There are 2 protein chains.
Amino acid sequence: MADKVTIADVARRAKVSRQTVSNVLNSPELVREETRQRVREAVKALGYRASQAARQMRTGRSRLIAVRVEPAQEDGINGSVFDRFLHGLTESAALAGYRVLLYTAGDHDAELATFDDLLGVYEPDAFVLTSTDYGDPRTAWLWGQRIPFVTFGRPWGAPPELAYPWVDVDGAAGTAMATRHLLDAGHRHIGFLGWPAGSGVGDDRRAGWARTLAAEGIDPAEFDHTTADGVPEGEAAAHALLDAARPVTALVCVSDSLALGALRTGRRIAVVGFDDTPVARAVGLASVSQPLAEAAAACVDLLARQLDGPGDGDGPPAQVLLEPALVRRLSA
Amino acid sequence: MADKVTIADVARRAKVSRQTVSNVLNSPELVREETRQRVREAVKALGYRASQAARQMRTGRSRLIAVRVEPAQEDGINGSVFDRFLHGLTESAALAGYRVLLYTAGDHDAELATFDDLLGVYEPDAFVLTSTDYGDPRTAWLWGQRIPFVTFGRPWGAPPELAYPWVDVDGAAGTAMATRHLLDAGHRHIGFLGWPAGSGVGDDRRAGWARTLAAEGIDPAEFDHTTADGVPEGEAAAHALLDAARPVTALVCVSDSLALGALRTGRRIAVVGFDDTPVARAVGLASVSQPLAEAAAACVDLLARQLDGPGDGDGPPAQVLLEPALVRRLSA
DNA sequence: TAGTCCGTCTTGAACGTTCAAATGGCGGAA
DNA sequence: TTCCGCCATTTGAACGTTCAAGACGGACTA
């Protein structure tokens, strides 16, 4: 195992000073073309790579982005969504010269403590927060400390002075798309299996379905059914809507779990789920698919703009809202 | 945002030298009890945390464990397995004073290049490799470079001189358990849906089923069916075994994907899958469950033993084989 | 009494990088 | 000719920690 190659080794070989090597790597325009070449050759010949730790000592930048690994959901069907997002994030971060550092935390308070701990020890340059909810204390905390961060998920109900950058997928557009598709297929009584009001994500998805039905002159209220997430819950809820006075012939669901439950009724109805999880693919369930790799790339992009951009945090914090896609399968 | 608290700040406040503070934190037995107290108070009062970057400069230890995020499988059903493992790993690592650093890589060659890159820049102390296969070049490379690592998965077919530490779950024990359960329920013609021979994991799982049947005087050969992974593949394979001269009445499957396919035949047979993925839970599929949190903890434990242990890598590299559990559900 | 050792604490140096300031050569303007 | 400014490069210092070595006092030993 070769000993560590330092910038001094490169300098010696290229017959220049340490600083010139550093300049070639960080501010090449300061160095004469000929010298640049010579240094670059020495770097390549020796296989030199700048030590991140040493660099961090001077610059205060760790080139680390911290992300929380979600505990697998009880239900777990949605686990793969985070999985794919994380994969995309790691890949995009690497391209931008960053690495992803993981942490876990039980609840929000524990997470704030972990923020503090991480910042003291590993000093990540930024955080990516997922699954934001109403009154999320994490965004306010980070904002207060001036720590760069992005959320994957809109700032549901956050005070407007917290104008931080976020990335999200337009859930309403997704359910609208699904509803439109079912209307085009001739359905009129299109139900919605959703979560209880109060979750930003759930309300957003319901809104897309409701407004699309309303635009056709159909009152959605009667076809709306609220339940906790889960396959059995979905099955029960679907039965309720199927056995109503005016039974539904199609269902748009807020999650694949609920949609899967609807399929298990065995009744001949069209069903569309949400998230295009592996289960959906496996059982032929149509579903709204989130562009997770793009979302991850957008997160990294927004962070890089804050971290590597010019002035300190100038320009308006950008927000990105991505369009989901409807994946048609046997079920619809 | 308070400026960074350094060891010198603590030293000043406790009226001792930098080194004494360092000793209180790293080798408390060298410091007099009274002084220790005083320093500890100062640490707490100032909220001091040792900077990992500075520490790394001196000690050469980054307290980082590198793990590759698997690209979501085509099928994706098994994605959540890695998810849960990763979560456990992050948690266990944190308890041992380490953090998990992610990377991605297309194929084995790209991964070797990434090893080199990471080691040059972030200098992780160790790697955790998942899904090892026959003739895996990664273990040999890391071993050659004397980089500490553990694999989650046995060294299938690796030369015996590569006696590195590993953690795995006894797949054969899992399928044996499943088979035994089906025998106890009165089944005799118990089929196996497996992957083509040549994958260590698949062959291992097949072996547990085969030896349990053989012990009952039943020749397994006739009930063995090999296919690629996937739900449709499982459905087709199950049909083949059901329509054979001596049809099976129960199936043990190498994966939940195949088991799900078997369920979709709609025939009345008992089915057991493998991995206890969310899908299994959702559709009531019995499945063999791997203790992933324990496996992750064991990985961290083996690494910590190498990294924080006494002498340099003395003692035999430990191996851990964990027992899976059978989760009974509607399907069996 | 002098020498040795041990327990406790301090001092100086080093890890590898980049920032800030200094150096030296060269061309052009006064 | 002299001086200034610019370009290319070098030098010294600093980031925060731990290692290695040293200093000091007191107890124990010869």
Side-chain angles (χ1 to χ4, degrees), chain A residues 2-40 42-43 46-64 97 119-123 125 307-308 312, chain B residues 2-40 42-43 46-64 97 119-123 125 307-308 312:
Chain A
D3 292 283
K4 193 131 190 46
V5 180
T6 79
I7 206 172
D9 298 326
V10 177
R12 249 189 307 280
R13 180 170 174 127
K15 307 228 191 284
V16 293
S17 66
R18 301 181 316 266
Q19 186 59 40
T20 299
V21 176
S22 174
N23 283 338
V24 169
L25 298 173
N26 303 312
S27 316
E29 73 281 4
L30 295 179
V31 182
R32 190 155 45 102
E33 173 60 22
E34 189 191 313
T35 317
R36 228 182 289 167
Q37 294 282 343
R38 201 149 32 95
V39 171
R40 291 226 169 91
V43 166
L46 298 175
Y48 169 75
R49 282 171 222 278
S51 150
Q52 178 51 42
R55 172 173 283 178
Q56 182 178 346
M57 286 236 49
R58 251 339 288 208
T59 63
R61 312 295 287 278
S62 62
R63 303 208 74 86
L64 247 32
L119 288 168
V121 180
Y122 289 86
E123 304 167 69
D125 291 339
L307 296 170
D308 304 325
D312 14 18
Chain B
D3 292 284
K4 193 132 192 42
V5 180
T6 78
I7 205 171
D9 299 325
V10 178
R12 249 190 308 279
R13 180 169 175 128
K15 307 230 192 280
V16 293
S17 67
R18 300 180 318 267
Q19 185 59 40
T20 298
V21 176
S22 174
N23 283 338
V24 169
L25 299 174
N26 302 313
S27 315
E29 73 281 3
L30 294 179
V31 182
R32 189 155 45 102
E33 173 59 23
E34 187 192 314
T35 317
R36 228 182 291 167
Q37 293 283 343
R38 199 148 34 95
V39 171
R40 291 227 169 92
V43 166
L46 298 175
Y48 169 76
R49 282 170 220 279
S51 151
Q52 179 50 42
R55 172 173 283 179
Q56 182 177 348
M57 287 235 49
R58 253 333 293 202
T59 63
R61 312 294 288 278
S62 62
R63 304 207 73 86
L64 247 32
L119 288 168
V121 179
Y122 290 86
E123 303 166 69
D125 292 338
L307 296 170
D308 303 324
D312 15 19

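Scope of the values below: all heavy atoms of this structure, side chains included, with no hydrogens, waters or symmetry mates. A note on names: the letters A, B, ... follow the listed sequences, proteins ahead of strands, and every chain is numbered from 1. Every value quoted in this text rests on a predicted model; they were computed, and no experiment measured them.
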TODO: Would you check if A:R18 and A:V21 make a side-chain contact, meaning some heavy-atom pair closer than 4.5 Å?
DONE: no
TODO: Between B:R58 and B:E29, name the one whose nearest nucleotide on DNA chain C is closer to the 5' end.
DONE: B:E29
Could you give the side-chain donor-acceptor pairs of residues 7-16 of chain B under 3.5 Å, partners two or more places apart or in another chain?
unit_1	atom_1	unit_2	atom_2	d
B:D9	OD1	B:R12	NH2	2.7
B:D9	OD2	B:T6	N	2.8

- [ ] Describe the nucleic acid contact of A:A50 in one word from base, sugar-phosphate, nothing, applying a heavy-atom distance below 4.0 Å.
- [x] sugar-phosphate
- [ ] Answer yes or no: is there a side-chain heavy-atom contact under 4.5 Å between A:M57 and A:S51?
- [x] no
Task: Sugar-phosphate only, base, or nothing, as touched by B:S51 at under 4.0 Å among non-hydrogen atoms - done: sugar-phosphate
- [ ] Let me know the distance between CZ of A:R36 and C1' of D:dC7, rounded to the nearest Å.
- [x] 13 Å
Open item on the list: Test your reading of the model: is there a side-chain donor-acceptor pair from B:T59 to the backbone of B:R55, 3.5 Å cut-off?
Closed with: yes
Task: Any A:V31 side-chain heavy atom under 4.5 Å of A:T20 side chain - done: yes
Open item on the list: Are the side chains of B:R61 and B:L307 in contact, using a 4.5 Å heavy-atom criterion?
Closed with: yes
Open item on the list: Five pairs per end, C1' atoms only: what is the angle between the end axes of the helix from C:dT1-D:dA30 to C:dA30-D:dT1, to 10 degrees?
Closed with: 70°
Open item on the list: For B:S62, is there any backbone N or O sitting under 3.5 Å from a side-chain donor or acceptor partner on B:Q52?
Closed with: yes
Task: Separation of D:dA21 P from B:N23 CG (nearest whole Å) - done: 16 Å
Task: Rounded interatomic separation in angstrom, taking CZ from B:R32 and P from D:dG25 - done: 14 Å
Open item on the list: Under a 3.5 Å distance rule, please check whether B:S27 uses its side chain to pair with a backbone N or O of B:L30 as donor and acceptor.
Closed with: no
- [ ] Nearest whole angstrom, please: distance from the P of D:dC19 to the CG of B:N26.
- [x] 7 Å
TODO: Show the numbers, then the answer: is there a side chain to side chain contact (heavy atoms under 4.5 Å, CB included) between A:L64 and A:Q56?
DONE: CA-CA 10 Å; A:L64 247 32; A:Q56 182 178 346; 5.8 Å; no
- [ ] Anything under 4.0 Å to a heavy atom of chain A counts; send over the first and last such nucleotide of DNA chain C, read 5' to 3'.
- [x] C:dG16 to C:dA20
Task: First of A:R18 and A:V31 reached from the 5' end of DNA chain D, by closest nucleotide - done: A:V31
Open item on the list: Counting the atoms with a prime plus P, OP1 and OP2 as sugar-phosphate, which does A:T59 contact under 4.0 Å by heavy atoms, base, sugar-phosphate, or nothing?
Closed with: sugar-phosphate
